[in-house]
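These notes are about the structure you will find just below.
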Amino acid sequence: MEEMNPMEQMCSEYEMLKERLSSQEIINDRLMRETMKSKVGSIRSTVRFSVICALFVMISTPFVFHYNPVVRASWLFVIATELLMVMCLFLDWKFNHNVQNTDLACCDLLTFSKNVRKLRSDYKEWMKWGVLLGFLWGGWLCAETLTHSAEPKAALAMVLGLSVGLVTGCFIGYRMDKRIIATCDDLISQIEG
Amino acid sequence: MIVLKEMETKEQRFTKIVGEHKTRIYSVCYMFSKDKQEIEDLFQEVLVRLWQGFDSFKGESAMSTWIYRIALNTCISSDRKKKRIGERVPLSVDINPFEDTDESALQIRQLYRRINRLGLFDRSIVLLWLEGISYEEIGEITGISAKNVSVRLVRIREQLKKIN
C-alpha cells in the first residue's frame, strides 16, 4: 500500500484537532473580563508608578547631593544628574514602548524579526553608553565629594561604597543586557533560520 | 452615557470576533506550547494583545490576517520564564491535547511532534497552510512572497519526508 504524504497526513490530523476543538467553549466570561481589564490595569498603573518614582527622585536629588554635608556637590553636578535621569527615563520609556508596542505584534513575521534586530542593537548601544556615562557620573561624584565634603572620613566611606555600588550595578546591568541580547538572537535565528 | 454605550459595543464586538477565531488561536497556542498551562498562558497573552491593539485595527488587512499575526508573534516572542502579570484564567476546555489517550488525541500529538521539529518560521507557515489560508495571505502574515511560500512548503514537505 502506498504511504500517505506527510503533508496529507498532517491535514487529516489537523482536521481532527479542529473537530475536537469545535465542541469546546474555550473562552468564558471571566477570561474576557480579565482580558479587557488588562489595558487599564497594567499599563496605566506602571506609568503612574514610574512618574511618581521619577518625581520623587528628581525632587530629592538636590537634597541628597547638594545640601548633604557629606557630599556638598556643585549645582552643576546636580543639574547634570537631573538631566541624566531625564535621559535615562526617556530611553527606558522608549525601549519599553518598543517592546510593548502593539505594532510589534501586528506586523508580519519578517518585519517582526527586523524589529527584534533593531531592539537588539538599541540595547547593545545603550549598554555601551550606559556603562560609560555611569562611570563618568560616578567619577564626577567621587571628585565632587572628595573636594567639597565637610566630613572627609565619611566622604571616603561614601566614595568606597559608591565604587562598589557602581561596579555591582554595571555587572547586573551587563548580565541583564546579555540575557536580552541572547533572547533576541534566539528569536532572530528561529525566524530567519 | 454615549461613551458607555460605545464601550459596550466595542467589548461585544471584540468578544464576538474572539469567539469566531477561538479555535484558530487555540491551535496556534497549542503548537507553540509544551503543556496545557502554557497553552492557557499564551491564549490569554494573545487575547490581551488583541484587545490592546483592537482600536488600532483599521481594516487594512483581513481580520484573520491581523489575528494570526498577533497570535504568531506573541507565541514566538513570549518569554515563558517570565512571571505572568495578572491572574491565569482557566480556559473552558475539557480536553488536554498533551495527555488525552484516545485514538484521535494520539494522532493530534503525532501532528504536534511533526510540527515541532520545524523551525518557528516554517512552523508558522505550515500552521497557516493547514488552516487552508491562501499563499498570498500566508505571505502577508509572514512577510514573504506567495511564490516564496510555495517554495518553502515544498522544502518543508521534503524535510518532513526525511524525518519520517
Side-chain angles (χ1 to χ4, degrees), chain A residues 3-39 41-43 46 99-116 179-180 183-184 186-187 189-193, chain B residues 11 14-15 18-19 22-23 26-27 30 43-44 47-53 56-57 66 69-70 72-74 76-77 79 85-87 89-95 97 104-105 107-108 110-111 114-115 119-122 124 126 129-131 140-144 153 156-157 160-161 163-164:
Chain A
E3 248 188 63
M4 220 177 172
N5 177 323
M7 297 294 263
E8 284 169 22
Q9 244 172 337
M10 282 166 85
C11 276
S12 73
E13 288 157 357
Y14 195 70
E15 280 307 312
M16 278 181 205
L17 174 65
K18 275 172 81 178
E19 202 183 302
R20 231 176 150 81
L21 289 174
S22 64
S23 59
Q24 302 295 316
E25 286 273 339
I26 304 178
I27 53 170
N28 51 57
D29 287 348
R30 211 179 125 213
L31 176 72
M32 297 313 288
R33 266 204 313 273
E34 200 66 33
T35 301
M36 291 167 190
K37 212 170 68 180
S38 66
K39 188 173 187 175
S42 68
I43 296 180
T46 312
V99 175
Q100 288 179 352
N101 195 350
T102 42
D103 284 346
L104 197 73
C106 293
C107 56
D108 60 63
L109 279 176
L110 278 190
T111 314
F112 174 71
S113 99
K114 270 181 209 151
N115 288 349
V116 174
R179 201 174 70 84
I180 292 166
T183 310
C184 289
D186 190 36
L187 274 175
S189 71
Q190 288 272 23
I191 297 173
E192 295 176 5
Chain B
E11 286 169 3
F14 181 71
T15 308
V18 169
K22 61 187 179 185
T23 56
Y26 189 94
S27 305
Y30 168 49
F43 194 96
Q44 217 169 319
L47 287 200
V48 169
R49 294 254 192 146
L50 287 172
W51 175 246
Q52 288 174 353
S56 60
F57 176 70
W66 179 69
R69 274 179 179 175
I70 292 190
L72 287 169
N73 288 346
T74 306
I76 289 172
S77 65
D79 187 353
I85 303 163
E87 207 182 335
V89 183
L91 300 178
S92 301
V93 285
D94 52 18
I95 57 163
S104 76
Q107 293 209 37
I108 290 166
Q110 167 77 5
L111 167 74
R114 277 190 232 258
I115 289 187
L120 293 180
F121 197 81
D122 287 346
S124 309
V126 167
W129 177 78
L130 286 171
E131 203 40 71
E140 223 181 296
I141 296 167
T142 55
I144 57 176
L153 278 167
I156 293 168
R157 186 175 290 136
L160 287 170
K161 265 187 193 167
I163 294 169
N164 264 6

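Proteins get letters first, then strands, A, B, ... in listed order; numbering begins at 1 in each. Keep in mind that this is a model prediction, so the values were computed, not measured.
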Shorter than 4.5 Å, heavy atoms on both sides: which option in [options] has the most such pairs with chain A?
options: B:Thr142, B:Leu153, B:Ile95; answer: B:Thr142
options: B:Leu72, B:Ile144, B:Asp94; answer: B:Asp94
options: B:Leu91, B:Val126, B:Leu50, B:Asp122; answer: B:Leu91
options: B:Ser124, B:Pro97, B:Ser27; answer: B:Ser27

Can you tell me which portion of A:Met32 sits under 4.5 Å from chain B's heavy atoms? Options are side chain, backbone, both or neither.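 The side chain, not the backbone.
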
In terms of heavy-atom proximity below 4.5 Å to chain B, should A:Leu187 be classed as side chain, backbone, both, or neither?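 Looking at A:Leu187, just its side chain touches chain B.
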
Identified side-chain contact (heavy atoms from CB on, under 4.5 Å) partner of B:Leu130 from the options A:Met10, A:Glu13, A:Glu15: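 Among the candidates, only A:Met10 passes.
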
Any side-chain heavy atom of A:Ile180 sitting closer than 4.5 Å to one from A:Thr183?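 No, side chains not in contact.
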
Does a salt bridge link B:Glu131 with A:Lys18, judged by any charged N lying under 4.0 Å from a carboxylate O?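 Salt bridge flag = yes for A:Lys18 with B:Glu131.
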
Counting heavy-atom pairs closer than 4.5 Å to chain B, which one of A:Thr111, A:Asp186, A:Asn28 comes out on top?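 The option with the most such pairs is A:Asn28.
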
Can you sort out the partners of B:Tyr30 under ring-ring contact (aromatic ring centres under 6.0 Å, His included), two or more places apart, ordered by chain and number?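 ring-ring contact (aromatic ring centres under 6.0 Å, His included) check on B:Tyr30 returns B:Phe98, B:Tyr112.
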
So which part of B:Phe57 gets closer than 4.5 Å to some heavy atom of chain A, the side chain, the backbone, both or neither?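 When you check distances to chain A, no heavy atom of B:Phe57 falls under 4.5 Å.
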
How close do A:Asn115 and A:Cys107 get, counting heavy atoms only, and between which atoms?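 What the structure gives for the nearest pair is ND2-SG, 3.8 Å.
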
Considering all heavy atoms, the nearest B:Phe14-B:Leu47 contact: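 So the minimum-distance heavy-atom pair works out to CZ-O, 3.7 Å.
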
